[in-house]
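All chains are named by letter (A, B, ...) in the order of the sequence lines, taking the proteins before the strands, and each is independently numbered beginning at 1. Only this structure's heavy atoms are used, side chains among them; waters, hydrogens and symmetry mates stay out.
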There are 2 protein chains.
Amino acid sequence: MPPYRRSTGPGGPPAPTTIYDVARAARVSPATVSRVVGGHVQVSPSLTRRVQQAAAKLGYTPNRVARSLRRRDSSLLALIISDIENPFFTSLVRGVDSLARGFGLSVVLLNTDESLDEERRLVAVAAAERMAGVIISPISERESQIEPLLRHRQPVVSIDRRLRSTSIDSVTVTNVKGADEATTHLISEGYRRVACVIGPLYTSTYSDRLLGYRRALDRAGRRFEPELVQDGGLKEDSGYAAVRRLFELRRPPDAILTTNSLQGIGALASLADLGLSPGPKLGFVTFDDMPWTRLVSPAVTAVAQPNYRVGEAAVTLLTKRAADPERKVQSIALSTDLHIRASSLRRPLPRLAEG
Amino acid sequence: MPPYRRSTGPGGPPAPTTIYDVARAARVSPATVSRVVGGHVQVSPSLTRRVQQAAAKLGYTPNRVARSLRRRDSSLLALIISDIENPFFTSLVRGVDSLARGFGLSVVLLNTDESLDEERRLVAVAAAERMAGVIISPISERESQIEPLLRHRQPVVSIDRRLRSTSIDSVTVTNVKGADEATTHLISEGYRRVACVIGPLYTSTYSDRLLGYRRALDRAGRRFEPELVQDGGLKEDSGYAAVRRLFELRRPPDAILTTNSLQGIGALASLADLGLSPGPKLGFVTFDDMPWTRLVSPAVTAVAQPNYRVGEAAVTLLTKRAADPERKVQSIALSTDLHIRASSLRRPLPRLAEG
DNA sequence: ATGAAAGCGCTAACAA
DNA sequence: TTGTTAGCGCTTTCAT
């Protein structure tokens with residue numbers, strides 16, 4: 001495949017309107033145009049008007065590439081997420097967007113699709129484009145690399161997942177506690193064999209959730225049984241397969257905790273195909289509270305994450321880091337919230353109390 | 001709020017490594033370094049190696065901002081979508097990603113959140129950053145503006161929705177036919193009063209779907225009843241409200257077509273709250289075939305869109321336009337596919353035949 | 001308050 | 001094949 005390159009022929013990129021064209025039309029110096037466009041330096045009202053009219057007449061669009069080069073700074077904020085199809089990330093985007101705009105930053109999303117190669121490439125892109133800052137959900141706690149960014153002192157904040165080697169600011173949720181609460185809830189409802197469908201353990205999110213699951217078992221005096229923990233990957237199909245394996249065990253579980261929303265969907269499909277339904281006989285809880293959890297019947301108990309606030313907090317940390325690179329590294333962990341519904345109850349809940 | 005600006009103090013942006021530093025270390029000219037980094041010009045093996053070693057030792061990251069300025073071209077492809085939380089768009093992203101990479105382009109997502117103001121801002125950003133091309137799902141057929149892009153002859157392709165004023169390349173699906181088929185299916189199943197929950201009519205997608213709905217009614221000799229068409233907006237809550245209104249009618253419908261996935265979720269929730277369930281007594285079809293359509297009970301009939309291929313086609317058109325700006329404008333309409341399931345059948349389907 | 005001029009880091013003529 | 005050099009469009013001293 002030939003590299004993409006815009007035609008440079010007769011119909012190709014036209015001679016662009018520059019600050020010089022505007023200056024000539026307004027009969028001022030280029031510097032004055034720059035000052036008017038930039039907006040933060042005093043220019044006399046009369047010249048300001050002349051410049052604005054000339055700019056409008058010529059259809060002038062400032063060239064931010066040139067500005068970035070000159071100022072050694074851009075106004076793009078990269079949000080590198082690991083799966084654009086995962087609702088957890090997409091709802092987080094809005095939190096980032098809303099705050100970033102106030103700082104004059106434009107958010108651009110880069111999707112790594114859970115591939116380390118792609119992640120490396122995109123980190124390089126954000127570095128090469130000298131973006132103003134980077135918020136990233138790293139694929140792997142130990143293998144994800146962000147050196148190119150640090151080299152340029154570009155502010156970096158990790159979200160959802162921690163990053164081992166480097167000490168950078170981060171925003172996560174209380175994963176250990178969330179999984180612990182969910183598991184404890186199932187146990188206290190009276191379920192006896194609680195299984196856990198987990199995600200990749202090289203991701204801190206999932207190692208933390210597994211830890212929370214084990215803590216709850218310990219506290220309840222239950223034995224940890226490795227066979228009750230199955231890898232459910234990050235998508236529907238692997239969640240489906242994990243549940244299938246659980247029910248091929250000699251002693252299958254009577255309750256399941258899935259650790260992300262897509263897994264949860266796959267798990268439910270699997271149960272349906274097995275002729276099983278969550279509820280009194282089979283407890284079911286999932287991480288991530290999405291619209292479908294209330295839609296299915298019975299409604300599904302979920303560990304809700306404050307996605308929007310995670311995004312906001314990340315921007316806040318980013319701006320603080322930008323203002324003061326020497327600042328002490330800060331890690332924020334926001335609380336999850338267990339929304340209890342019929343899928344994890346041994347007896348029906350009174351209607352009004354439903355989440 | 002102060003504009004975001006990276007600290008320039010002692011801990012601020014360091015003197016970056018440039019092509020000159022590498023040149024000095026490798027004892028060659030800057031041009032040679034550029035040629036090695038760029039990769040497409042012949043450089044002797046010995047110099048190539050010296051340059052690569054020097055670059056590695058210094059931790060050199062090319063400055064793409066400078067490159068873009070000099071070449072008047074960038075390698076960023078903007079994908080401006082109207083709702084990051086809408087699964088239709090997110091699954092389309094992957095189609096764009098996969099093809100774009102082959103052309104050496106990096107895809108950056110910009111989210112307009114269905115706001116015309118935000119759309120205008122982001123179009124300006126893509127123009128100011130002189131991005132290599134723009135794929136956009138315009139908010140409004142008549143009000144969306146892309147002039148700043150055309151002025152710079154930046155290739156633009158619209159997806160999912162058409163754009164009125166300007167003649168630009170576009171990729172959509174066969175919305176009229178899709179809605180027609182869905183409605184016809186409901187009618188031929190024997191449902192008598194088929195309602196349509198529609199989206200904003202200033203968006204071509206929805207005006208087309210409404211047209212398809214009406215055509216099907218016409219062909220079947222049914223009278224069009226305005227009260228059976230309710231605005232369900234673009235999100236769950238408005239879909240919920242639309243269905244509620246339908247059942248406050250003196251003569252409520254006995255079948256419903258919702259015209260996007262989020263509406264569909266809201267509609268189902270509404271039905272559940274009304275104590276109604278899709279199936280023999282109440283036909284239900286939605287646009288967009290998402291994982292949840294097979295999960296709920298009964299499974300939901302859906303008009304599936306070829307999201308991935310829409311993304312791919314958009315990139316193809318973009319590259320063709322880049323290669324030849326004089327090229328004739330091309331509009332592609334990909335076919336939808338009706339996946340029939342229990343929610344729109346008067347009698348249960350044999351299990352094997354389910355979509 | 002305004003203008004002149006240098007330079008951000010790179011690429012592409014052009015020359016050797 | 002390699003080096004020299006000009007310039008992409010802008011911002012920012014430094015003068016005035």
Side-chain angles (χ1 to χ4, degrees), chain A residues 3 5-6 8 12-51 54-55 58-75 127-130 151-152, chain B residues 3 5-6 8 12-51 54-55 58-75 127-130 151-152:
Chain A
R5 191 81 188 260
R6 280 163 68 195
T8 182
T17 309
T18 74
I19 216 169
Y20 288 91
D21 302 317
V22 178
R24 200 173 321 115
R27 302 192 304 136
V28 297
S29 76
T32 299
V33 178
S34 171
R35 292 193 262 254
V36 171
V37 172
H40 42 144
V41 185
Q42 283 292 4
V43 177
S44 72
S46 67
L47 287 196
T48 302
R49 212 156 31 76
R50 254 160 64 198
V51 169
L58 298 177
Y60 170 71
T61 316
N63 184 330
R64 284 212 176 243
V65 177
R67 164 193 278 226
S68 292
L69 177 59
R70 173 61 231 233
R71 311 221 322 202
R72 298 170 166 205
D73 197 9
S74 118
S75 57
E129 297 285 349
R130 304 296 194 262
R151 210 177 288 140
H152 296 286
Chain B
R5 191 81 188 257
R6 282 163 68 194
T8 179
T17 309
T18 76
I19 217 171
Y20 287 92
D21 301 318
V22 178
R24 201 174 319 117
R27 300 190 306 139
V28 297
S29 78
T32 299
V33 178
S34 171
R35 291 193 264 253
V36 171
V37 173
H40 44 140
V41 186
Q42 283 292 7
V43 178
S44 71
S46 67
L47 287 197
T48 302
R49 212 156 31 76
R50 253 157 67 196
V51 168
L58 298 178
Y60 171 71
T61 315
N63 185 331
R64 285 213 175 239
V65 177
R67 163 193 278 226
S68 292
L69 178 59
R70 172 62 230 233
R71 310 216 333 200
R72 296 166 165 209
D73 195 10
S74 115
S75 57
E129 298 284 349
R130 304 295 192 264
R151 210 177 289 141
H152 296 285

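Looking only at distances, no side-chain donor or acceptor of A:Arg130 sits under 3.5 Å from a matching main-chain atom of A:Ser74. Using a distance-only test at 3.5 Å, with no hydrogens or angles considered, a donor-acceptor pair links the side chain of B:Arg50 to the main chain of B:Arg27.
Within the structure, a side-chain polar atom (N or O) of B:Thr32 is placed less than 4.0 Å from OP1 or OP2 of D:dG3. The phosphate of D:dG3 (OP1 or OP2) has a side-chain N or O of B:Ser29 nearer than 4.0 angstrom.
Between the side chain of A:Arg35 and the base of C:dG3, a donor-acceptor pair under 3.5 Å is found. The base of D:dC8 has none of its N or O atoms less than 3.5 Å from a complementary donor or acceptor on the side chain of A:Tyr20.
Rounded to the nearest 0.5 Å, atoms CD (A:Glu129) and CG (B:Asn63) are 8.5 Å apart.
Straight-line distance from the CZ atom of A:Arg67 to the C1' atom of C:dC10: 20 Å, rounded to whole Å. Atom CG of B:Asp21 is separated from atom C1' of C:dC8 by 13 Å (rounded to the nearest Å). The distance from atom CZ of A:Arg72 to atom C1' of D:dG9 is 17 Å, rounded to the nearest whole Å. One atom, CG of B:Leu69, and another, P of C:dC8, lie 13 Å apart when rounded to the nearest Å. Atom pair B:Arg70:CZ and C:dC10:P shows a separation of 13 Å (rounding to whole Å applied). The distance between atom NE2 of B:His40 and atom C1' of C:dA12, rounded to the nearest whole Å, is 10 Å. In this structure, B:Asp73 places its CG atom 12 Å from P of C:dT11, rounding to the nearest Å. Between the P atom of C:dT11 and the CZ atom of B:Arg71 lies a distance of 7 Å, rounded to the nearest Å.
Both A:Ala66 and B:Thr48 sit near DNA chain D, but only B:Thr48 has its closest nucleotide nearer the 5' end.
By the 4.5 Å heavy-atom criterion applied to side chains, B:Val51 and B:Val22 are counted as neighbours.
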